[in-house]
Amino acid sequence: MTTIIQFLIVFVILVLVHEFGHFIFAKWSGILVREFSIGMGPKLVAWHRHHTTYTLRLLPLGGYVRMAGWQDEDDEIKPGTMLAIETNGQGVVSRINLSQKTTLQGGIPVQVDHVDLVHALEISGYANGDESELKTWRVDHDATIIEEDGTEVVIAPEDVQFQNAKLWKRMLVNFAGPLNNFLLAIVVFIGLGLANGVAVTNTNQIGQIQPNSPAAVAGLKANSHLQTIAGQKVKAFDDIGPILAKHKEEPIKVVAIKAGVTQHLTITPSKQGTIGVYAAVSHNPLGAIKYGFTASWGVASSIFHVLGQMVTGHFSLNQLAGPVGIYTMTASAAKAGIASLVVFLAALSVNLGIMNLIPIPVLDGGKLLLNLIELIRRKPLKQEHESMVTLIGAGIMFALIIAVTINDIMRSF
């Protein structure tokens with residue numbers, strides 16, 4: 001499998017999981033999801049099911065769940081606009097076509113006088129070029145509109161718009177994307193724990209021994225319990241490394257017990273301070289579940305450390321990665337095997353979840369911040385103020401992505 005395919009698989013999984021969180025909570029909250037998109041830019045394919053249009057777009061730069069009433073939507077149809085309508089058996093409009101790329105078979109051409117697809121749900125205009133009679137058509141609540149780029153979505157009546165849902169439901173919708181990323185990482189690490197076992201590092205028992213390693217040459221047996229190394233008592237596997245680091249390439253005495261038999265060995269650690277032993281592995285399901293949470297938290301902790309450096313000023317662009325950097329890391333992980341690629345997927349999912357919670361308005365964290373402001377003020381920000389803040393946030397994100405991508409390209413060379 002080529003690197004580009006592996007990268008696209010990782011990308012699609014992460015975007016699907018993230019956006020599905022927004023999608024499922026929006027549906028649960030009674031908010032209409034007009035479009036569920038994987039990728040950005042020009043539309044490649046689209047299909048419609050249960051009032052939602054699903055699209056695959058050209059650029060692998062994320063995705064989105066387009067909910068009714070979002071501030072970046074513009075469904076205004078100005079007077080004088082030419083469109084075509086399709087009506088059902090009761091004369092109610094079921095489809096509206098604004099696109100030059102699509103033709104409605106049997107559609108009625110209309111020059112618009114007035115359109116209200118939010119409150120009154122009606123269209124007024126002149127049919128078939130006849131300006132002598134102004135007609136008005138009722139619009140079905142679930143009618144679809146074919147937009148200029150050819151994408152067909154359901155209209156957005158007032159009762160299913162995002163901003164009209166209760167505040168706590170909107171907050172859940174905004175948080176659901178990152179939440180799904182965290183859940184994906186936990187599930188992946190649990191799966192790895194169940195499949196491969198979990199290293200047990202809180203006892204002095206070792207597991208397998210690397211062939212031809214100093215421990216193997218000295219005759220140390222797998223699954224032994226190490227008692228002392230260089231005279232120092234070993235209580236847990238994690239004690240081994242610090243002791244060996246003090247005795248690189250220096251013969252040391254090791255005492256181990258297996259099945260009641262004590263071994264007294266002399267082992268010479270490598271110049272890296274290792275002897276070639278691995279921790280014992282447990283296949284206990286409870287241990288795997290615990291590992292799912294601890295491994296995810298370990299990844300999150302390292303990300304929090306980087307974010308802390310951004311605040312304190314000890315930050316470098318080399319600590320971030322854009323699409324080019326992620327592609328390179330995907331290739332490296334894939335070369336190490338499928339298990340390494342799966343671990344990379346889980347770590348990247350945690351990263352995506354946390355980065356989306358940064359309080360920049362264009363991100364989920366910024367939307368949650370605006371929700372908190374609304375909660376405190378007991379009323380939302382004015383639409384123009386929120387749009388301005390979001391535009392500034394989008395500018396910051398765009399500039400950061402450009403800077404990180406340029407840095408990734410320079411590092412590649």
Side-chain angles (χ1 to χ4, degrees), residues 23 26-37 43 46-55 64-166 169-170 173 379-387 390:
F23 173 82
K27 289 276 191 178
W28 173 79
S29 300
I31 300 167
L32 171 66
V33 178
R34 305 182 74 189
E35 182 184 357
F36 186 118
S37 175
K43 177 186 64 178
W47 63 97
H48 187 83
R49 184 176 175 82
H50 297 315
H51 305 301
T52 298
T53 298
Y54 300 87
T55 55
Y64 57 87
V65 169
R66 178 182 168 192
M67 301 179 215
W70 270 22
Q71 61 185 24
D72 56 348
E73 289 198 318
D74 185 10
D75 280 349
E76 182 183 2
I77 301 176
K78 297 179 180 180
T81 300
M82 292 299 301
L83 52 77
I85 60 174
E86 185 177 290
T87 61
N88 59 23
Q90 289 74 44
V92 178
V93 176
S94 58
R95 296 178 79 195
I96 305 165
N97 184 20
L98 291 172
S99 176
Q100 300 297 321
K101 302 177 181 180
T102 304
T103 301
L104 293 183
Q105 296 297 327
I108 304 170
V110 175
Q111 182 180 353
V112 168
D113 177 75
H114 171 73
V115 174
D116 184 348
L117 301 180
V118 176
H119 307 289
L121 300 184
E122 63 180 22
I123 294 176
S124 297
Y126 304 97
N128 299 307
D130 182 5
E131 297 186 5
S132 64
E133 182 182 4
L134 179 65
K135 292 186 176 181
T136 299
W137 295 266
R138 287 192 301 113
V139 179
D140 187 83
H141 182 277
D142 299 323
T144 60
I145 180 169
I146 304 172
E147 299 174 315
E148 291 184 2
D149 69 348
T151 303
E152 185 169 5
V153 296
V154 176
I155 63 173
E158 185 178 28
D159 62 307
V160 293
Q161 291 195 359
F162 178 80
Q163 66 270 21
N164 292 324
K166 292 182 179 180
K169 288 186 176 181
R170 284 182 275 138
V173 171
K379 61 179 180 179
L381 291 177
K382 291 183 178 180
Q383 188 69 50
E384 56 269 25
H385 294 166
E386 185 172 340
S387 298
T390 301

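Since this is a predicted model, take the numbers as computed values, not measurements.
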_The criterion is salt bridge (Lys or Arg N to Asp or Glu O under 4.0 Å); which residues satisfy it with Glu152, sequence neighbours excluded?_
Arg95
*List in chain and number order the residues that pass ring-ring contact (aromatic ring centres under 6.0 Å, His included) with Phe162, two or more places apart in sequence or in another chain; answer none if no residue qualifies.*
Trp70
*Could you label the plane-to-plane angle of the Phe23 and Phe36 rings as parallel, tilted or perpendicular, counting under 30° as parallel and over 60° as perpendicular?*
perpendicular
*Return yes if some donor-acceptor pair links the side-chain N/O of Asn128 with the main-chain N/O of Asp130 below 3.5 Å, else return no.*
no
_Side-chain heavy-atom pair Asp140, Val93 within 4.5 angstrom cut-off_ = no
*Keeping the roles fixed (side chain from Thr55, backbone from Ala46), state whether a donor-acceptor pair exists under 3.5 Å.*
no
*Considering only heavy atoms from C-beta outward, does the side chain of His48 approach that of Val154 to under 4.5 Å?*
yes
*asked:* Looking at Lys27 and Leu32, would you say the former's side chain and the latter's main chain have a donor-acceptor pair under 3.5 Å?
replied: no
*Side chain Arg170, main chain Ala165, donor-acceptor under 3.5 Å*: yes
*asked:* In the structure I gave you, are the side-chain heavy atoms of Ile123 and Val139 within less than 4.5 Å of one another anywhere?
replied: yes
*Given side chains that start at C-beta, do those of Ile155 and Thr144 come closer than 4.5 Å, heavy atoms only?*
no
Without placing hydrogens or testing angles, list every side-chain donor-acceptor pair under 3.5 Å for residues 99-113, not counting sequence neighbours.
unit_1: Ser99; atom_1: OG; unit_2: Lys101; atom_2: N; d: 2.9
unit_1: Ser99; atom_1: OG; unit_2: Glu148; atom_2: O; d: 3.3

*Do Ser29 and Val173 come close enough that some side-chain heavy atom pair is under 4.5 Å?*
yes
*Have Tyr54 and Glu35 got a donor and an acceptor in their side chains that come within less than 3.5 Å?*
no
